[in-house]
S.K.: 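Encoded as C-alpha cells, here's the structure I'll be asking about.
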Amino acid sequence: MDERRKVDILIADDSAVMRKIIAKTIRLSGLAAGDILEAENGAQALERLAGRKVDLALVDLNMPVMDGEEFIDRLRASADWRDTLVIVVSTESSDERVASLAAKTDGFVHKPFGPEELRDAIFKTLGIKNESGNGDCAQAGGPSDF
Amino acid sequence: MKAETATALRRAALRTFEELGYLLPTEAISDAQRTAALEAELSVPFSGPVKGVLSVRLYGSNARPLAANMIGSEGEMPDDLVADALGELANVITGNALPEIYGRGGFFRLGRPCVILGGQALPPEEDCVEVGLEAGRAELSLSEDN
C-alpha cells in the first residue's frame, strides 16, 4: 500500500484494556495511523464501519453478541469491506481453527503478545517496511511507559 | 489435580502475568505472600470438548498494579477498568492453558470472565496451583462439569 497515506484501523475486542493496549502499540509503532476505531464485539464493529472503510481490522475471536469469526465472515461477504486486511488477535490455539482462520485472514497474533510482535505483524500485513530496523519498539504497557 | 494439568496452569499463569501484566511471577511463595489477604476472584467458564470453569484468586495487592502495567498508566485506575484488566488476564490464562491440558485438536469457547473485587473470607482452595506475584500470590484451579 502507499506508505505515505494514513492507515485507518478498527480494533474489535470485548476488553477495553486490550483495546487500549493495541491502540497504544499502534500509536507508538511509528505507523502513520489515521482513525483508530474501537468496538467491543462484531456487531458493534459492523456499526462502526457503516458508510466507511478501514485498511486494517484487528479482531479478537471470543466476543459476546457477535464473535470475531462471524464478523470476519461478514466482512468477506461484503462487496464494500471484503478487501479489508484482517489480523486475528486471540488466545486461540486449536490447530484446526487457526488453519481455518488463516484461509480468510491476513495474520494471527497470539495472546499474550509483546508490543514488538504486534507491531511486526501489522507492518508485515500492511506490506510496510519496518523503519526501526532492529526490532526496537516502544513498550505499550509497563511501568516504564513513555 | 494431575501433574500435567498443574504444569499447564502454572506455565500459562507465569507467561501471562509476565508478558501481559509486566510482573515477575515466581514459582516459589514466601511466607508474606502466603499470608496475604484475598484481593480478587476471577473465573472464566469454558465449553467445548470439556466444559468447566478456570478460577484465579489474587491475594495481596496486585490488582491495580497489574491493570496499570497493562495499559502503561501511572494514574488512578477506576474499578471497572481494573476488573476489565483482570478479566482479560484470566481469559488469556484460560485460553493458553486449555489446549495444553486437553490437546490442540479441540475448539474451546470461553465465556465472559466474572471478576469479583474485594476480599471475602473464602475457604482455602485445596486443589490448586500457586504462583508468587510481587505483592502477594495467585491461586489457580480448574473444575470440570460432570
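Note on naming: letters A, B, ... go to the chains in the order of the sequence lines (proteins, then strands), and numbering restarts at 1 for each one. Every value quoted in this text rests on a predicted model; they were computed, and no experiment measured them.
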S.K.: Is K53(A) paired with D8(A) through a side-chain N to carboxylate O contact shorter than 4.0 Å?
M.R.: no
S.K.: As an exercise: rank G87(B), A12(B), A85(B) by heavy-atom pairs under 4.5 Å with chain A and give me the winner.
M.R.: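 Between G87(B), A12(B), A85(B), the count favours A85(B).
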S.K.: Report, in residue-number order, which members of residues 99-109 of chain B are under 4.5 Å from chain A by heavy-atom distance.
M.R.: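 Within residues 99-109 of chain B, the residues that come under 4.5 Å of chain A (heavy atoms only) are P99(B), R104(B), G105(B), G106(B), F107(B), F108(B), R109(B).
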S.K.: Backbone N or O of G136(B) within a donor-acceptor pair of the Q33(B) side chain at under 3.5 Å?
M.R.: yes
S.K.: Identify which part of D67(A) has an atom lying under 4.5 Å from any heavy atom of chain B, answering side chain, backbone, both or neither.
M.R.: side chain
S.K.: Give me the contact list for residues 89-97 of chain B versus chain A, heavy atoms only, anything under 4.5 Å, ordered by residue number.
M.R.: N91(B), V92(B), G95(B), N96(B)
S.K.: Looking at R82(A), is its backbone amide N or carbonyl O close enough to the side chain of R76(A) to form a donor-acceptor pair, meaning the two atoms are under 3.5 Å apart?
M.R.: yes
S.K.: If hydrophobic residues (ILVMFWY) are linked whenever their side-chain heavy atoms come closer than 4.5 Å, directly or via other members, who joins F108(A) in its cluster?
M.R.: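 Members alongside F108(A): L10(A), L37(A), L46(A), L49(A), V54(A), V59(A), L61(A), M63(A), M66(A), F71(A), I72(A), L75(A), W81(A), V86(A), V88(A), V98(A), L101(A).
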S.K.: Heavy-atom pairs under 4.5 Å with chain A are the metric here; pick the option from D80(B), L110(B), L20(B) that has the most.
M.R.: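 Heavy-atom pairs under 4.5 Å are most numerous for L110(B).
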S.K.: Which atoms of N62(A) come close to chain B, meaning under 4.5 Å heavy atom to heavy atom: side chain ones, backbone ones, both, or neither?
M.R.: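 When you check distances to chain B, only side chain atoms of N62(A) fall under 4.5 Å.
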S.K.: Ion pair present between D73(A) and K104(A), side-chain N to carboxylate O less than 4.0 angstrom?
M.R.: yes
S.K.: To the nearest 0.5 Å, tell me how far T25(A) OG1 sits from E116(A) CD.
M.R.: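 Spacing of OG1 (T25(A)) from CD (E116(A)) equals 9.0 Å.
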S.K.: Is the shortest side-chain heavy-atom distance between K20(A) and M70(B) below 4.5 Å?
M.R.: no
S.K.: Taking K6(A) first and then D55(A), would you say they form a salt bridge - that is, a charged N and a carboxylate O separated by under 4.0 Å?
M.R.: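 No.
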S.K.: Quick check for you: to the nearest 0.5 Å, what is the distance between R137(B) atom CZ and T26(B) atom OG1?
M.R.: 12.0 Å
S.K.: Could you tell me whether the side chain of D13(A) and the main chain of D60(A) form a donor-acceptor pair under 3.5 Å?
M.R.: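 No, the answer is negative, given that no donor and acceptor are paired below the 3.5 Å cut-off.
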S.K.: Test: salt bridge (Lys or Arg N to Asp or Glu O under 4.0 Å). Region: residues 44-54 of chain B. Which pairs qualify, not counting sequence neighbours?
M.R.: none
